[in-house]
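Here's the structure we're looking at; comments come further down.
Chain A is the first sequence line, chain B the second, and so forth, proteins listed ahead of strands; every chain is numbered from 1. Computed from a prediction, not measured in an experiment: that's the story for all the values here.
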Amino acid sequence: MVVLHADMDAFYAAVEQRDHPEWRGRPVIVGGTGPRGVVSTCSYEAREFGVHSAMPAFEARRLCPEGVFVRGSMRRYGIESKRIFEILRRFTPLVQGISLDEAFLDVSGTERLFGPPRKLAERLRAEVRSETGLAISVGIAPVKLVAKIASDLAKPDGLLEISPEAVPGFLAPLPVRRLWGVGPVAGARLAAAGYATIGDLACADAKQLEALLGAWGLRISKLARGEDVSEVEPFREAVSYSEENTFGGDVSDPRELQAAIIAHSEAVARRLRNDGLRARTVVLKLKLARRVAAGPHGYPLLSRQTTLSEASDDGDAISRAAFDLLARADLREPVRLLGVGTSNLVGRSGEQLGLFAPEAGFERRGRLNTALDELTRKFGTGAVTRGSIAAPERAALSHQRKRGEDPG
Amino acid sequence: MKLSIAQNELQKGLARIQSIVEKRNTMPILANALIEATKGKGKNSGALSLAATDLEVGIRGTHPATVETAGAVTASAKKLFEIVRELPEEPVEISVTSNSYLEIRCARAQFSLAGSSAAEYPTLPTFSADNTATVPSLLLGEMIEKTMYAACTDETRYNLNGVYLEILEDSAKLRMVATDGHRLSYVDRALGTDLSGLSNGVIIPRKGLAELKRLVDEDDADEVAIGFDGNSGVACKGDVTLFMRLIEGEFPKYQQVIPNEIKSQLVIEVAGLTQALRRVALLSAERSRAVKFELTEGRLCLSSNNPDLGEAREELDVDYAGEELSIAFNARYMLDALNAVRAKEVHLGFQDSMSPARIVPTDDDDSLAVVMPMRV
């Protein structure tokens with residue numbers, strides 16, 4: 001197998017710099033601008049100041065006071081992403097999108113068409129550059145894990161190919177944190193047991209790793225030896241659509257929570273309609289403001305879900321279900337983050353029809369939604385919203401289209 | 001309280017209430033059985049009553065016992081059952097201490113089980129026997145079996161979470177009907193007696209109905225007395241009384257979704273169709289379970305496909321000469337309906353690919369099932 005990992009360089013920031021020539025060469029930081037804002041992406045110029053993604057915005061401001069701080073527009077990035085994926089699909093139909101700016105491509109057996117993988121990758125990079133004006137870095141390797149690490153090391157605007165023979169030598173000196181799933185906790189545990197590099201893990205007895213990390217230790221042991229059996233999965237359908245926001249300040253006012261629910265429900269419903277899908281399950285996600293541990297995961301996370309009697313792509317139906325979930329959650333403390341998600345998706349075909357005529361107004365709602373979608377396409381997100389809501393103040397944008405391997 | 005009762009009687013009574021006791025522990029006392037002993041007139045006569053309720057459904061059974069001292073107490077229904085189940089078939093002696101402990105003795109086994117005062121137990125409703133009508137157990141059981149499967153399990157549609165009972169105006173028959181919004185089933189039967197309290201129709205919730213079914217299936221009496229009053233229903237059979245809280249809500253106007261106009265109709269043998277459908281359904285898409293029905297002259301072709309697994313197809317010879325039709329169903333809905341009609345042959349009728357299918361047994365015009373198709 002020959003896998004390419006293609007990853008846009010500082011995607012959101014690069015789009016901003018391209019569209020605002022006056023920002024080129026300057027540190028550009030895209031993300032929430034409120035007191036709770038978080039950096040989504042920053043340009044390479046900003047990284048020199050020590051700014052990085054997921055950093056609180058106030059900290060970024062302190063490190064880089066002369067930076068250009070932009071809220072960003074998911075809509076524009078989405079359009080750009082679509083163009084880039086169209087280019088990627090010229091080289092192989094086996095494109096697995098990971099996010100807006102990142103994808104795996106299985107290019108096995110394309111030599112006749114495009115020459116050796118390295119040549120294909122160079123051409124891909126050139127086409128993205130000339131058609132979008134943006135830089136993309138590419139890693140080439142026999143497995144996904146190694147391709148991803150390679151593209152990371154190739155940045156910015158680079159290309160790195162790791163041949164099958166070179167894999168062990170390439171991985172060996174890298175820190176264990178480079179492996180998928182090894183975060184701060186597992187990293188610390190491995191370090192304490194004397195494993196600092198991937199090479200250390202590759203030499204270790206798999207049984208010892210199992211004793212240390214459980215069944216997952218066996219997987220780590222395989223990954224460390226460059227054995228990643230996961231395939232590029234282009235046809236894997238999205239299994240859930242969700243949207244969430246971290247509030248500018250902790251929120252306990254139910255009206256404000258409801259406003260956020262409506263905004264997210266409408267957005268998620270619009271994406272469902274856009275993709276011709278309906279959802280049967282609605283999930284409400286709440287992160288409480290009370291900190292219980294250090295780190296970004298140190299807040300209690302509540303997740304409540306319910307199944308609709310009929311699959312829906314209507315924001316009102318989704319938000320009503322989420323209101324019920326909010327009421328059932330019986331919150332007695334402030335909330336830091338709120339998200340609305342939908343899963344259990346069904347397409348139009350294979351839809352179970354109902355015996356009884358839908359509730360009164362159902363048809364009209366459908367027509368209203370179609371009209372709203374048309375307006376949104378023309379004038380952008382937020383051009384029309386419900387009178388009852390003002391969009392929640394967002395500290396960070398997060399649109400997610402989760403896939404099968406990432407449950408919850 | 002002090003009494004003696006045969007082990008098998010006690011086990012039967014405790015087994016009956018196990019499905020009622022609250023498992024979710026919202027009110028701890030509801031995990032208990034209410035145990036009441038009453039003295040009879042004779043020296044060695046008396047009765048032990050065992051009752052349980054989850055506030056939706058309540059059941060009380062009385063059993064012959066030799067009661068020395070009358071009294072009442074409550075104790076864990078599950079633990080009591082586990083104990084009694086393991087006892088030898090010999091008389092079981094039960095007495096209650098002043099601090100509500102049950103002393104249970106049988107042969108050489110001895111238990112002291114913590115109980116609590118009967119005063120804390122919610123009162124079960126009482127129901128006057130004047131308001132009940134006696135119906136054959138078998139008939140009631142059949143009607144439940146033919147309808148309950150179609151009742152809705154989605155709690156947000158509470159008015160569909162049960163079976164609707166009404167008396168038909170023209171024939172005075174009792175009709176039971178259930179629907180979950182995707183399929184519907186009804187059955188009409190003459191009771192030969194008046195059922196009071198049914199003038200506006202009632203909805204018996206699934207759980208109450210399941211208990212009623214269990215009750216009529218017990219082979220101790222051929223008849224069961226049922227009655228309705230306000231928002232509760234009661235069923236008495238032998239020494240057992242079942243109370244059911246009814247669903248307060250309006251049952252939808254179901255008559256209007258039963259197809260009257262049938263464009264394509266065929267008579268088909270249930271066993272053959274069921275077997276073919278079960279085979280073809282094996283490769284249907286996991287979530288939708290869609291199986292396509294294609295009708296052409298003399299032939300019904302069933303097919304399915306699952307993007308991850310493959311496809312299946314089976315043809316059946318049928319006596320059909322109407323228009324060609326292609327329609328898809330959730331295999332489970334179709335199988336449930338075919339299974340519940342308990343008929344050898346059915347009329348299977350269609351209007352078009354977006355309208356409900358109608359299933360009527362060839363030997364019984366008084367029952368009917370409707371299944372809504374899926375978008376192909």
Has [X] got more than 12 heavy atoms of other residues, nucleotides or ligands less than 6.0 Å from its [atom1]?
X: B/Glu323; atom1: CD; value: no
X: B/Glu250; atom1: CD; value: no
X: B/Arg189; atom1: CZ; value: yes
X: A/Arg90; atom1: CZ; value: yes
X: B/Lys207; atom1: NZ; value: yes

Under 4.5 Å from any heavy atom of chain A, what part of [X] do you find: side chain, backbone, both or neither?
X: B/Arg183; answer: backbone
X: B/Pro356; answer: side chain
X: B/Ser355; answer: neither

Ignoring hydrogens, what is the shortest heavy-atom contact between [X] and [Y]? Give both atom names and the distance.
X: B/Asp154; Y: A/Leu308; value: OD2-C, 4.2 Å
X: A/Phe356; Y: B/Tyr254; value: CE2-CA, 4.0 Å
X: A/Leu353; Y: B/Met372; value: O-CG, 3.1 Å
X: B/Asn330; Y: A/Gln352; value: CB-OE1, 3.7 Å

Find the one option among B/Pro373, B/Ser288, B/Ala290 whose heavy-atom pairs under 4.5 Å with chain A are most numerous. B/Pro373
With a 4.5 Å cut-off on heavy-atom pairs, point out which of B/Ala328, B/Pro252, B/Cys152 contacts chain A the most. B/Pro252
For B/Phe329, all residues meeting ring pair (Phe, Tyr, Trp, His ring centres under 6.0 Å), sequence neighbours excluded: B/Phe293
Given a strict heavy-atom distance threshold of 4.5 Å, which part of A/Asn344 is in contact with chain B: side chain, backbone, both, or neither? both
Does B/Lys173 have any side-chain hydrogen bond (donor to acceptor under 3.5 Å, both in side chains) partners at least two apart in sequence or in another chain, and if so, which? B/Asp366
